[in-house]
> 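Structure in structure tokens, see below.
Just so it is clear: chains get the letters A, B, ... in the order the sequence lines come, proteins before strands, and each one is counted from 1.
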Amino acid sequence: MLKKLYVEDVKKLPEGSEATLLGWVRSKRSHGGLLFIDLRDSTGIIQVTIRRGEVPDGSFEYVARLRRESAIKVSGVVKHDPRAPDGVELRCRSIEVIGESLDDFPIRKGIKIKFLLDNRHLHIRSPRVTAIMKIRAALLKAARRWFEENGFIEINCPSFITAAVEGGATLFKLDYFGREAYLTQSSQFYQEAAIYSLEKVYSIQPSFRAELSRTRRHLTEFWHLEAEIAYAELEDLLEVIENLFYAMVEGVCEQAEKELNLLGVKLDPDVAKPPYPRITYAEALEILRRKGFDVKWGDDFGADEERELSKEFEKPFFVTHWARESKAFYHMPDPADPRVCKNADLLTPGGYGEVVGGGQRIHDYNQLIERIREAGLNPEDYKWYLDLRKYGSVPHSGFGLGIERMLWWMLKLPHIRDACLFPRTPARVYP
RNA sequence: GCCGGCGUAGCUCAGCUGGUGGAGCGCCGGGCUGUUAACCCGGGGGUCGGUGGUUCGAAUCCACCCGCCGGCGCCA
């Protein structure tokens, strides 16, 4: 490796240590014979001071002309000095240019969102985006760890599919060697197939939605964490969801404390500590009606309704037993009340809304056919999915969680696209 | 898809009762040995989103189109 030390490491070295750092020139302040460089790498920023006469002939003048984001290699001595940011700086002895910026770096303070998105490939170098991506990684790591500890097997499902999960018009259609195919919007059906051998499965992969939804909580491509569990009923599922959710929040708090501080986010894991409040759809309707909303049985909640509802809670909360007409055909009708299904959404407090959706699936062959017909769909289109109910079908439940939605809530991000490296929205497929 | 907003220098914007396009920042040149995305002096930089129309004359008025932003519906 060309690089052995990182900014984070150098900041911890004792006074007088010699160190060599490779990084990028985040900014530069010139004072004639004295030059300050803020050197950036994946772990942070350190000030480098360069004095004329203390570096080899000619290199001072050369470095003084370097543009922002030039890549450099600096060797020097660690100096603890209260005048430096964080009280530490690197006094330069020699400096080498690795990759010079050929042009003025276009990203700086005060730039508006359109330009930042057009230049996302450069913007992602910012400490803020860097911190969010580290938190995202910590979140996924915590999820995998929880699944691992609880006996789940990670599976990978196809992105090219032929049938919709819910038969909507929200699929991206594509040409598959002359045949019509689509990009997946959920791995649920494949997971349901997998439980007959692996029993408890999960997957983390992109889902695609061709919805022209211009909101701060929609992407056309998002990372979908999904799980499916054999022999699990709704109650079992809710426990899985809240335990996993808590483990993910806890994991971020433990592993990304520095990044949370950098973002100015105060995240208390106790806000996600189970058990979560549970209300039924019928109860949610009551609350909304009390607040003056005109909501009828069977209506799904709009953004305003969801926001108002979420103000009633401090913790994430479940809304269970939705009206069967408002949800997809595969949800299990509740034998105790056939007007509703044994399903649940997990909503986050503070108006951030739905992050998880799931429930118990219909496992009876004839009942599923009946529900497919009721939904105005053709059972022929769901042949292999129906097959799963023909051979040793068992009760099972599953859910899907939007990774970016969870980050959006957890970090109080202004927009869900802030939770991904290269967000995809109806208006953006570049860079 | 619906409603609203915006598009002028590299960036952020002013200019909009029609009369030869401006500022701040950045950039370039010069100065400065303790700055905190420093400071001081000087300089270059434009198909005013596009097309058409009204007019002696359009960044400015009108029509259409394109692009993006914000919100709604839909959802994770």
> Whole angstrom is fine here: how far is it from CD1 in A:I113 over to C1' in B:G70?
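To the nearest whole Å, that distance equals 11 Å.
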
> Within this structure, what is the CZ-to-P distance between A:R68 and B:C28, rounded to whole angstrom?
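Roughly 11 Å, once rounded to whole Å.
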
> Reading RNA chain B from 5' onward, which residue's closest nucleotide shows up sooner: A:G33 or A:R26?
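The 5'-side residue here is A:G33.
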
> Looking at the side chain of A:H224, which of B:C69, B:A76, B:U36 is the nearest nucleotide?
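Nearest listed nucleotide: B:A76.
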
> Provide the full list of side chain to side chain donor-acceptor pair (under 3.5 Å) pairs with a residue in residues 420-431 of chain A, sequence neighbours left out, each pair given once.
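Applying side chain to side chain donor-acceptor pair (under 3.5 Å) to every pair that reaches into residues 420-431 of chain A, excluding sequence neighbours, yields A:D118-A:R428.
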
> Measuring only the C1' atom in each nucleotide, how far is B:G45 from B:G50? A whole number of Å is fine.
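Comparing C1' positions in B:G45 and B:G50 gives a spacing of 23 Å.
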
> Are A:Y182 and A:F160 an aromatic pair by the rule of ring centers under 6.0 Å?
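Here the rings of A:F160 and A:Y182 have centres that are no less than 6.0 Å from each other.
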
> Would you measure the distance from the P atom in B:C62 across to the matching atom in B:G7 and give it in whole Å?
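Rounded to whole Å, the distance is 14 Å.
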
> Answer yes or no for A:K412 and A:Y352: cation-pi contact, defined as NZ/CZ to six-membered ring centre under 6.0 Å and angle to ring axis within 45°.
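Yes, A:K412 lies over the aromatic ring of A:Y352.
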
> When you compare B:A23 with B:C48, how far apart are their C1' atoms, in angstrom units rounded to a whole number?
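Each nucleotide's C1' atom is 16 Å from the other's.
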
> To the nearest Å, give me how far apart CZ (A:R52) and P (B:U33) are.
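The distance from CZ of A:R52 to P of B:U33 comes to 8 Å, rounded to the nearest Å.
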
> Does A:E221 reach a base, just sugar-phosphate, or nothing at all? Heavy atoms under 4.0 Å.
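No contact.
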
> For A:R40, report the nucleic acid contact type (base, sugar-phosphate, nothing); a contact means any heavy atom under 4.0 Å.
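It contacts nothing in the nucleic acid.
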
> In whole angstrom, give the distance that lies between atom CG of A:L35 and atom P of B:A38.
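Spelled out: CG on A:L35 to P on B:A38 is 11 Å.
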
> Is a donor-acceptor pair below 3.5 Å formed from side chain A:S30 to base B:C32, judging by atom type as modelled?
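Yes, the side chain and the base share a sub-3.5 Å donor-acceptor pair.
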
> Mind checking if A:F222 touches a base, just sugar-phosphate, or nothing, with heavy atoms under 4.0 Å?
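Result for A:F222 = base.
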
> Going by purine N1 to pyrimidine N3 plus the second Watson-Crick contact, or the G-U wobble pair, all under 3.5 Å, which nucleotide sits opposite B:U60?
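Across any shown strand, B:U60 pairs with none.
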
> Applying a 4.0 Å non-hydrogen cut-off, can you work out what A:K114 is touching in the nucleic acid: base, sugar-phosphate, or nothing?
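Contact class for A:K114: sugar-phosphate only.
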
> Between B:C68, B:A38, B:G73, which nucleotide has the shortest distance from any of its atoms to the side chain of A:R29?
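Nearest to the side chain of A:R29 among the choices is B:A38.
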
> Measuring from the side chain of A:F115 (C-beta onward, heavy atoms only), which nucleotide among B:C74, B:A37, B:G10 has the closest atom?
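The answer is B:G10, which lies nearest to the side chain.
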
> Give one of base, sugar-phosphate or nothing for A:L219, where a contact means two heavy atoms less than 4.0 Å apart.
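Base, at least one base heavy atom under 4.0 Å.
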
> If you go through the side-chain atoms of A:H218, does one of them form a donor-acceptor pair with the base of B:A76 closer than 3.5 Å?
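When only heavy-atom distances are counted, A:H218 does not reach the base of B:A76 through any donor-acceptor pair under 3.5 Å.
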
> Tell which nucleotide pairs with B:U20, taking only Watson-Crick or G-U wobble pairs whose two distances are both under 3.5 angstrom.
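With both distances under 3.5 Å required, B:U20 matches none.
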
> Rounding to an integer number of angstrom, what distance separates B:U47 and B:C41 when you compare their C1' atoms?
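It works out to 34 Å between them.
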
> From CD of A:E89 over to P of B:U33, roughly how many Å is that when rounded to an integer?
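A:E89 atom CD is separated from B:U33 atom P by 17 Å.
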
> So which one's nearest nucleotide on RNA chain B is more toward 5', A:I403 or A:P82?
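Final value for this comparison: A:P82.
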
> Classify the nucleic acid contact of A:E211 as base, sugar-phosphate or nothing, counting any heavy atom under 4.0 Å across all strands shown.
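Base: the residue A:E211, judged by heavy atoms under 4.0 Å, touches a nucleobase.
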
> What is the ring orientation for A:F245 with A:W409, classed by angle as parallel under 30°, tilted 30 to 60°, or perpendicular over 60°?
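Tilted.
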
> Cation-pi between A:R217 and A:W408: NZ/CZ under 6.0 Å from ring centre and within 45° of the ring axis?
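That pair does not qualify as a cation-pi contact.
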
> For A:D118, which contact category applies under a 4.0 Å heavy-atom criterion: base, sugar-phosphate, or nothing?
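Result for A:D118 = nothing.
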
> What's the closest nucleotide to the A:D104 side chain, out of B:C69, B:A37, B:G26?
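Nearest to the side-chain atoms of A:D104, counting from C-beta on, is B:G26.
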
> Return the nucleotide paired to B:C2: Watson-Crick means purine N1 to pyrimidine N3 with N6-O4 or O6-N4, wobble means G-U with N1-O2 and O6-N3, both under 3.5 Å.
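WC or wobble partner is B:G71.
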
> Is it the case that A:Q191 and A:S203 place a side-chain donor and acceptor less than 3.5 Å from each other?
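A:Q191 vs A:S203: donor-acceptor pair found between side chains.
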
> Of the candidate nucleotides B:C68, B:C27, B:C75, which contains the atom at the shortest distance from the side chain of A:R428?
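Shortest atom-to-atom distance from the side chain points to B:C68.
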
> Measuring only the C1' atom in each nucleotide, how far is B:G46 from B:G5? A whole number of Å is fine.
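Rounded to whole Å, the distance is 25 Å.
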
> B:U54 pairs with which nucleotide, Watson-Crick or G-U wobble, both distances below 3.5 Å?
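The answer is none; no pair meets the criterion.
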
> Can you tell me the Watson-Crick or wobble partner of B:G43, both distances under 3.5 angstrom?
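Because both required distances fall under 3.5 Å, B:G43 counts as paired with B:C27.
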
> Rounded to whole angstrom, note down the C1' distance from B:G24 over to B:A37.
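Pairwise C1' distance, B:G24 against B:A37, rounds to 16 Å.
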
> Let's see if you can work this out: which of B:U35, B:A37, B:C2 has an atom nearest to the side-chain heavy atoms of A:P85?
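The listed nucleotide nearest to A:P85's side chain is B:U35.
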
> Could you tell me the separation between the CZ atom of A:R108 and the P atom of B:G24, rounded to a whole number of Å?
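Spelled out: CZ on A:R108 to P on B:G24 is 16 Å.
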
> Which pair of non-hydrogen atoms, one from A:W384 and one from A:A193, has the smallest distance, and what is that distance?
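In this case the closest contact between A:W384 and A:A193 is CZ3-CB, 4.2 Å.
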
> Which listed nucleotide (B:G70, B:G1, B:U35) is nearest to the side chain of A:F36?
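My answer, after comparing the listed nucleotides, is B:U35.
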
> Please give the distance between the C1' atoms of B:G73 and B:C64 as a whole number of Å.
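It comes out at 28 Å once rounded to the nearest Å.
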
> Can a side chain N or O of A:R417 be found less than 4.0 Å away from OP1 or OP2 on B:G70?
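For B:G70, OP1/OP2 do have a side-chain N/O of A:R417 under 4.0 Å.
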
> Ring centroid separation for A:F317 and A:Y276, is it under 6.0 angstrom?
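So the answer is no for these two rings.
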
> Counting side-chain heavy atoms from CB outward, which of B:C72, B:C11, B:C69 is closest to A:A303?
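Looking only at heavy atoms from C-beta outward on A:A303, the closest nucleotide is B:C72.
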
> Using atom CG of A:L117 as one end and atom P of B:C6 as the other, report the distance to the nearest whole Å.
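The answer, rounded to whole Å, is 20 Å.
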
> Centroid-to-centroid, A:Y281 to A:W297, below 6.0 Å?
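Centroid separation for A:Y281 and A:W297: below 6.0 Å.
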
> Ignoring backbone atoms, establish whether A:K112 has a side-chain N or O less than 4.0 Å from OP1 or OP2 of B:C68.
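Checking A:K112 against B:C68: no side-chain N or O falls below 4.0 Å of OP1 or OP2.
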
> B:U33, B:U35, B:C27: which one has an atom nearest the side-chain heavy atoms of A:Q47?
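Minimum distance to the A:Q47 side chain belongs to B:U35.
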
> Which part of the nucleic acid does A:S207 contact within heavy-atom distance under 4.0 Å: base, sugar-phosphate only, or nothing?
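Contact class for A:S207: none.
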
> Just compare B:G70, B:C75, B:U33 and give me whichever is closest to any side-chain atom of A:R214.
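In terms of side-chain proximity for A:R214, the closest of B:G70, B:C75, B:U33 is B:G70.
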
> How would you label the contact of A:G353 with the nucleic acid (heavy atoms, under 4.0 Å): base, sugar-phosphate, or nothing?
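Answer is nothing: A:G353 stays at 4.0 Å or more from every strand.
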
> Compute the centroid of each ring, for A:F36 and then for A:H31, and state whether the two points are separated by less than 6.0 Å.
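Judged by ring-centre distance (under 6.0 Å), A:F36 and A:H31 do meet the cut-off.
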
> Base, sugar-phosphate alone, or nothing: which one does A:L212 contact when heavy atoms must sit under 4.0 Å apart?
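Base, at least one base atom sits under 4.0 Å.
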
> Starting at CG of A:D103 and ending at C1' of B:G10, how long is that distance when rounded to a whole Å?
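Answer to the nearest Å: 9 Å.
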
> Which whole number of Å gives the distance between the P atom of B:C3 and that of B:G15?
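B:C3 and B:G15 have their P atoms separated by 28 Å.
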
